[in-house]
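Here is the structure we will look at.
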Amino acid sequence: MKTITLAFAILLSHLITAQEVKQELPYYEIPEAAETYTAGTTVSRMIDGLGFRYYWATEGLRPEDLTYKPSESGRTTMETIDHLYGLSNFILGTIIKDFKPVDGSKMIFEEKRKQTLLNYKTASDILRSTDDISKFDNNRFPFWNIINGPIADALWHCGQVVMLRRASGNPFNSKVSVFAGKLRD
């Protein structure tokens, strides 16, 4: 009986921990879609898709995954995650005028992952409530460049993280449906 009780307590602990993570970090699932299509809601949804992909590309990475490097000239998985964090700061810095990114150089992986997800969520929330994204143009480049630049680049690098984790022996969760934006049953 003690073994069953202990097993149940461990299972309950894991379920509570998983539920806390679901509530703490955005993009376990893609949020509900906006009711209308505008430039802001469209770009917001692109970032939601990016956040979902990033969440699952980085979920459950092990230390050996983070240090994996496919070749001498390639990046490690952690270096790719550092780049993704920088891209999330760039995106948010384009949207928030006086944005000051959190220095990521001293962050451990879990902190950097969380901050990247929070950056994507903040950017998405701001864009979702914006009808005219041209207000985010600046004197150096129009907002179009943010779409084909850092947003598209971040999607590209999420795919690299998935490829790197597979190569290091830790495959991407097969229940993730990027089409539906949630886990399959």
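Keep in mind that the numbers below use all heavy atoms, side chains included, and drop hydrogens, waters and symmetry copies.
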Handout entry: Full working for ring-ring contact (aromatic ring centres under 6.0 Å, His included) between Trp56 and Tyr28
Key = CA-CA 8 Å; Trp56 288 106; Tyr28 177 85; 5.3 Å; yes
Just to verify, what does [X] make a side chain to side chain donor-acceptor pair (under 3.5 Å) with, not counting sequence neighbours?
X      : result
Asp132 : Ser134
Ser168 : Asp65
Asn148 : none
Thr41  : Thr38

Exercise for the section: Apply side-chain contact (heavy atoms from CB on, under 4.5 Å) to the pair Trp144 and Ile133, showing each step before the final yes or no. Expected result: CA-CA 9 Å; Trp144 292 118; Ile133 61 173; 5.8 Å; no
Practice task
Could you tell me whether Glu24 and Lys114 have a side-chain N and a carboxylate O separated by less than 4.0 Å?
Solution key: yes
Practice task
Give a yes or no on whether a salt bridge exists between Lys106 and Glu111, defined as a side-chain N under 4.0 angstrom from a carboxylate O.
Solution key: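 Between Glu111 and Lys106 there is no salt bridge, as every charged N stays at least 4.0 Å from the carboxylate O atoms.
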Going from [atom1] on [X] to [atom2] on [Y], what distance comes out if it is rounded to the nearest 0.5 angstrom?
X      : Y      : atom1 : atom2 : result
Thr130 : Phe143 : OG1   : CZ    : 9.0 Å
Asn173 : Arg184 : CG    : CZ    : 8.5 Å
Tyr37  : Arg45  : OH    : CZ    : 9.0 Å
Thr67  : Lys69  : OG1   : NZ    : 11.0 Å
Asn145 : Asp137 : CG    : CG    : 9.0 Å
Arg53  : Phe172 : CZ    : CZ    : 8.5 Å

Report the residues that fulfil side chain to side chain contact (heavy atoms under 4.5 Å, CB included) with [X], sequence neighbours left out, ordered by chain and then residue number.
X      : value
Glu64  : Arg62
Glu110 : Ile108
Met78  : Leu66, Thr76, Ile81, Asp82, Phe109, Lys112

Which atom pairs, one a donor and one an acceptor, fall under 3.5 Å between side chains of residues 174-181 and the rest of the protein, sequence neighbours left out?
residue	atom	partner	partner atom	Å
Ser177	OG	Ala180	N	3.0

State, to 0.1 Å, how close [X] and [Y] come at their nearest heavy-atom pair, and which atoms those are.
X      : Y      : result
Thr80  : Gln160 : CG2-OE1, 4.1 Å
Tyr68  : Ala167 : OH-CB, 3.5 Å
Asn170 : Gly60  : ND2-O, 3.0 Å

Fill in the blank from the handout: Residue set satisfying salt bridge (charged side-chain N to carboxylate O under 4.0 Å, His left out) with Lys182, at least two apart, ordered chain then number -> none
Indicate if [X] and [Y] have the same hydrophobic cluster label, given that clusters are the connected sets of ILVMFWY residues with side-chain heavy-atom separations under 4.5 angstrom.
X      : Y      : answer
Ile151 : Phe141 : yes
Trp156 : Tyr54  : no
Ile91  : Ile30  : yes
Phe52  : Leu61  : yes
Leu117 : Met107 : no

Distance-only donor-acceptor pairs under 3.5 Å for side chains of residues 92-103, two or more places apart:
residue	atom	partner	partner atom	Å
Thr94	OG1	Phe90	O	2.9
Asp103	OD1	Ser105	N	3.0
Asp103	OD1	Ser105	OG	2.9
Asp103	OD2	Ser105	OG	3.1

Problem - Sequence neighbours excluded, every pair satisfying side-chain hydrogen bond (donor to acceptor under 3.5 Å, both in side chains) that has a member inside residues 116-127 - result: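 Only Ser44-Ser124, Asp48-Ser124, Ser88-Asn119, Asn89-Asn119, Gln115-Asn119, Lys121-Asp125, Ser124-Arg128, Asp125-Arg128 qualify under side-chain hydrogen bond (donor to acceptor under 3.5 Å, both in side chains).
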Practice task
Share the residues that join Leu118 in a hydrophobic cluster, the rule being Ile, Leu, Val, Met, Phe, Trp or Tyr side chains under 4.5 Å apart at the heavy-atom level.
Solution key: none
Exercise for the section: Would you check if the side chain of Asp131 reaches a backbone N or O of Gly40 as a donor-acceptor pair within less than 3.5 Å? Expected result: no
Practice task
Could you check Leu84 against Asp153 for side-chain contact (heavy atoms from CB on, under 4.5 Å), going step by step and ending with a plain yes or no?
Solution key: CA-CA 9 Å; Leu84 281 157; Asp153 195 33; over 6 Å; no
Handout entry: Distance-only polar pair, side chains of Arg113 and Thr58, donor-acceptor under 3.5 Å
Key = yes
Exercise for the section: State, yes or no, whether a side-chain contact exists between Met46 and Ile147 at a heavy-atom distance under 4.5 Å. Expected result: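 They are in contact (side-chain heavy atoms under 4.5 Å apart), so the answer is yes.
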